Number of protein chains: 2
Amino acid sequence: MAEKSRSAPLRLSTFLPFRLSVLSNAISQRIAELYDREFGLSIWQWRVMAVTADTPGISATEIGQRTQMDKVAVSRAVAGLIELGYLERRASTEDARRSSLVLTAAGRGIYEMIVPLALSEEAQLVSALSEREQAELARLMGKLAKAASPERDLW
Amino acid sequence: MAEKSRSAPLRLSTFLPFRLSVLSNAISQRIAELYDREFGLSIWQWRVMAVTADTPGISATEIGQRTQMDKVAVSRAVAGLIELGYLERRASTEDARRSSLVLTAAGRGIYEMIVPLALSEEAQLVSALSEREQAELARLMGKLAKAASPERDLW
DNA sequence: TTTGGATAGTTTCATATGTAACTAATATTG
DNA sequence: CAATATTAGTTACATATGAAACTATCCAAA
């Protein structure tokens, strides 16, 4: 009797893309809630603040590259942060198209408040792993990132 | 001279929630494009198909639990799949509120087509890692999942 | 049995997001 | 130094998503 064609089973719970997605969402949501509840910031706004704090005078395009956000998302996050008074747009002298973005004093203030909270969330999370395991995880993720997106660097 | 208070630096590119999010999105998007381009399915619809194939007669609520989708998302994905002719809703005899969902013959057909493609995408991705590393990654992710969401099992 | 919840699932509405079109400025090239 | 192409960023529109309200059914206690 002919056997019906039958694929290898696909259990969602062992399928890497699914597992990664669920894990990432669980973690992101947890942290996003912190930003939002305490400071009224979206995760995108927080990311923009983080890179702007790191590189004052950065342009919107550069922010997009460093955060993997598209330009519309950056534009909206920047607009929101300016609205909130946390970010300031300065004209760029050499290129009038580019904007030069810097945190305001208020922006730096709440940035300084968020950083330890974010780091502490992360620390609490990774405290389930030993130092060795943390390093190993970072290494494996790096390899995956390269395999998933060989054309451009993810981080 | 008094030193300005200064937090530990937060480099986004080494911040686990960020890295995970970017990696997961890169992978999901890659696979989502495959489902969509070849079969016109969203990632949510694909997840619903996967668990329904695994457990014929499953209810929408159960699907939500197994896929980490909320009930609105499940409802919409199910409606779309029925529209496409891939899923069938049967009345549940014991409980008229519950729906009993099964793939149609057409649904099983494209499911059988997608599975090997999805598995092959995954295989290509994880081929960057040795068997040992794959197992280690799964283990570390499991630990993180538990730390991130101790209340309920993610997978 | 009736009545006040719970539960399954859908619909509605407000917001978020992505794509494409647009504006303004700079760079290139003939 | 025109004319054209490219780049930075915003706006508009269409679709996706989530929270809350809603409908229908079932359960539990008086």
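Each chain gets a letter, A, B and so on, in the order its sequence line appears, and its residues count up from 1. In what follows, every heavy atom counts, from backbone to side chain, and hydrogens, waters and symmetry copies are set aside. Quick caveat, the model's predicted, so the values are computed rather than measured.
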Does OP1 or OP2 of [N] have a side-chain N or O of [X] closer than 4.0 Å?
| X | N | result |
| --- | --- | --- |
| B:T61 | C:dG9 | yes |
| A:S75 | D:dG9 | no |
| B:R76 | D:dT15 | no |
| B:R89 | C:dT10 | yes |
| B:W44 | D:dT17 | yes |

Cationic N near anionic O, under 4.0 Å, [X] to [Y]:
| X | Y | result |
| --- | --- | --- |
| A:R139 | A:E133 | no |
| B:R98 | B:E62 | yes |
| B:D54 | B:R66 | yes |

Specify the separation, in whole Å, of atom [atom1] of [X] and atom [atom2] of [N].
| X | N | atom1 | atom2 | result |
| --- | --- | --- | --- | --- |
| B:I82 | C:dG9 | CD1 | P | 11 Å |
| B:K71 | C:dT11 | NZ | P | 13 Å |
| B:Q68 | D:dT17 | CD | P | 16 Å |
| B:I63 | C:dT7 | CD1 | P | 19 Å |
| B:Q45 | D:dT15 | CD | C1' | 14 Å |
| A:R47 | C:dT17 | CZ | P | 11 Å |
| B:M69 | D:dA19 | CE | C1' | 16 Å |
| B:L41 | D:dA16 | CG | P | 13 Å |

In terms of side-chain heavy atoms, does A:R76 have a donor or acceptor partner in A:S42 at a distance below 3.5 Å?
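Side-chain D/A pair, A:R76 to A:S42: absent.
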
Sugar-phosphate atoms are those with a prime plus P, OP1 and OP2; base atoms are the rest. Using that split, label each nucleotide of nucleotides 1-6 of chain C B, S or - for protein heavy atoms under 4.0 Å, 5' to 3'.
-----B

Within a reach of under 6.0 Å around CZ of B:R11, are more than 12 heavy atoms found that belong to other residues, nucleotides or ligands?
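It does not: B:R11 CZ has 12 such atoms or fewer within range.
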
Would you kindly confirm whether A:L16 and A:L154 end up in one hydrophobic cluster when ILVMFWY residues are joined by side chain heavy atoms under 4.5 Å apart?
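Looking at the clustering, A:L154 is in the same group as A:L16.
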
Can B:W155 be reached from A:L125 by stepping across I, L, V, M, F, W or Y side chains whose heavy atoms are under 4.5 Å apart?
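Result: yes, single cluster for both.
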
Residue whose nearest DNA chain C nucleotide is more 5′ - B:V72 or A:D95
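Final value for this comparison: B:V72.
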
Please classify the nucleic acid contact of B:S59 as base, sugar-phosphate, or nothing, using heavy-atom distances under 4.0 Å.
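If one applies the 4.0 Å heavy-atom cut-off, B:S59 turns out to touch the sugar-phosphate alone, with no base involved.
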
